[in-house]
Amino acid sequence: MITVPVPLGARSYDVVVGHGAGHRLTEVVPVGVRRAAIVTQAAIGLGVDPGVEHRTWFIGQGEEAKCLATVEELCRQWSAWGLTRADVVVAVGGGVVTDTAGFAAAIYHRGIPVVNVPTTLLGQVDAAIGGKTGVNLPEGKNLVGAFWQPAAVLCDTGVLETLPPREYLSGCGEMAKYHFLGGDDLVDLPLDERVARCVAIKAGFVGEDEREGGRRALLNYGHTLAHALETAGHYDLRHGEAVAIGLVFAAHLARRLGRIDDRRVDEHVRVVAGYGLPTTVPPGSDPAELVRLMSRDKKAVRGLTFVLDGPAGVEVVPGVDAGHVRDVLEEMG
Ligand SMILES: NC(=O)c1ccc[n+]([C@@H]2O[C@H](COP(=O)([O-])OP(=O)(O)OC[C@H]3O[C@@H](n4cnc5c(N)ncnc54)[C@H](O)[C@@H]3O)[C@@H](O)[C@H]2O)c1
């Protein structure tokens with residue numbers, strides 16, 4: 001087992017990574033807890049034992065289940081069961097479960113502890129760590145949420161064996177991102193160490209900038225185009241696949257702006273393709289539509305804004321010329 005600390009002062013916690021880490025639940029449930037509300041999905045099938053009285057709630061699948069109605073249902077049922085502030089929520093699942101259960105835990109009785117047991121690769125290297133919780137509205141993704149740090153995170157890499165291949169690949173897209181955020185050593189690591197290394201990189205950013213006032217935004221590397229591709233909605237892409245395309249796009253754009261050379265672009269393509277992820281924009285993409293969507297990105301306060309690689313590493317670059325962006329998208333088509 002590898003333990004990675006997330007350094008946040010009084011709210012610090014450990015992420016335990018390894019085959020069978022889920023069995024450590026009794027050790028990480030906060031002291032004095034009487035009851036545990038386990039939230040999961042029927043497809044997941046990872047039984048966990050918190051070592052105290054517990055009940056399990058199953059939520060629905062996909063982004064539709066990540067909504068306020070699910071949060072209300074959970075809170076009402078917890079209340080009927082008598083869950084208190086001295087108890088704990090245990091979220092066992094991918095990002096949909098940890099985001100939704102984490103948000104319910106953040107607001108139930110104005111906040112009760114939550115332990116995350118992420119069961120997707122994307123959850124283990126990203127969604128379950130760092131305290132961003134929330135749900136979707138009909139108006140858009142992740143529009144309602146709260147920062148609510150977990151009490152602990154258990155990344156049981158054994159559970160990834162049952163993950164559908166496409167979901168595994170999606171997690172690889174986020175993993176590929178970490179190669180360019182200080183994780184140049186990731187390529188040669190075995191899975192447990194690789195997950196732990198990704199967690200350590202994310203923990204570093206979260207520890208420095210919990211609420212994304214600055215450096216944490218760099219974790220969005222590759223995400224500006226990824227979100228536009230997802231919002232356009234014409235493409236059959238999982239989130240990590242969209243991020244993979246976004247990483248290669250960001251490299252091409254950085255080269256066009258004179259920030260990096262051909263060798264560094266090739267490195268992006270090699271890492272992304274090495275995971276079996278796509279490196280070109282999907283056929284039929286409309287660059288003008290993608291530019292329009294990217295100009296509505298939350299980061300786009302001073303013109304088109306991207307996280308881009310450069311001589312000083314990855315940084316936020318505002319005011320990027322739309323013509324360059326369109327040209328790069330056309331070249332990547
Ligand atoms: N909070 C954050 O910082 C953060 C970061 C990245 C992504 N997210 C969110 O995460 C969500 C995506 O998460 P995801 O990619 O994990 O998808 P997901 O939670 O929808 O899980 C994908 C599918 O895999 C199934 N599954 C999960 N674990 C399994 C297992 N071990 N075996 C078999 N099937 C299993 C799930 O039931 C689901 O059908 C999005 O809503 C995204 O917004 C949050």
Side-chain angles (χ1 to χ4, degrees), residues 6 15 19-22 39-48 58-67 70-71 91-106 114 116-137 140-150 153-178 191 195 198-199 201-203 205-206 209-212 216-223 226-227 230-231 237-244 246 277 298:
V6 182
V15 181
H19 202 285
V39 181
T40 189
Q41 285 169 327
I44 289 167
L46 173 67
V48 290
F58 295 94
I59 68 167
Q61 287 283 337
E63 291 299 321
E64 299 77 42
K66 193 176 129 173
C67 65
T70 305
V71 171
V92 182
V96 164
V97 171
T98 52
D99 277 13
T100 309
F103 182 51
V114 59
N116 285 336
V117 186
T119 62
T120 61
L121 183 58
L122 188 131
Q124 297 191 353
V125 299
D126 194 3
I129 308 145
K132 281 191 186 177
T133 70
V135 295
N136 305 321
L137 293 180
K141 266 196 79 173
N142 298 329
L143 291 186
V144 177
F147 283 96
W148 190 245
Q149 298 294 342
V153 182
L154 301 176
C155 297
D156 189 334
T157 47
V159 305
L160 301 177
E161 284 157 18
T162 60
L163 201 57
R166 191 92 190 268
E167 297 301 339
Y168 190 84
L169 195 63
S170 180
C172 291
E174 290 292 352
M175 226 172 203
K177 171 187 82 178
Y178 291 111
L191 181 66
V195 170
C198 293
V199 170
I201 295 171
K202 179 153 186 183
F205 282 98
V206 171
D209 175 24
E210 183 183 7
R211 301 220 161 196
E212 202 167 305
R216 186 169 176 170
L218 303 184
L219 291 169
N220 292 321
Y221 191 37
H223 283 61
H227 288 150
E230 289 174 304
T231 308
L237 288 174
R238 293 289 296 145
H239 177 67
E241 294 171 320
V243 170
L277 286 157
K298 283 203 281 289

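For ligands, and for the atoms within them, numbers begin at 1 and follow the listed sequence. No experiment lies behind these values; they were computed from the predicted model shown.
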Would you give me the side-chain donor-acceptor pairs under 3.5 Å for residues 141-148, sequence neighbours excluded?
from	atom 1	to	atom 2	distance (Å)
Asn142	OD1	Lys66	NZ	2.6
Trp148	NE1	Ile112	O	3.0

- Task: Could you pull out every protein residue that has a heavy atom closer than 4.0 Å to ligand 1, ordered by chain and then number?
- Result: Gln41, Ala43, Ile44, Gln61, Glu63, Lys66, Gly94, Gly95, Val96, Asp99, Thr119, Thr120, Leu122, Asp126, Ala127, Lys132, Lys141, Asn142, Val159, Thr162, Leu163, Pro164, Glu167, Lys202, Arg238

- Item | Side chains of Asp126 and Met175 in contact at under 4.5 Å (non-hydrogen atoms) | no

Identify every side-chain donor-acceptor pair in residues 40-48 under 3.5 Å, counting partners at least two apart or on other chains, and give the distances.
from	atom 1	to	atom 2	distance (Å)
Thr40	OG1	Val92	O	2.7
Gln41	NE2	Gly60	O	2.8

- Item | Test: Glu174 and Lys177 ion pair at under 4.0 Å | yes

- Task: Decide yes or no for Leu191 and Leu160: does some side-chain heavy atom of the first lie under 4.5 Å from some side-chain heavy atom of the second?
- Result: yes

- Taken in chain and number order and not counting sequence neighbours, the residues that satisfy side-chain contact (heavy atoms from CB on, under 4.5 Å) with Asp156 are Ala21, Val159

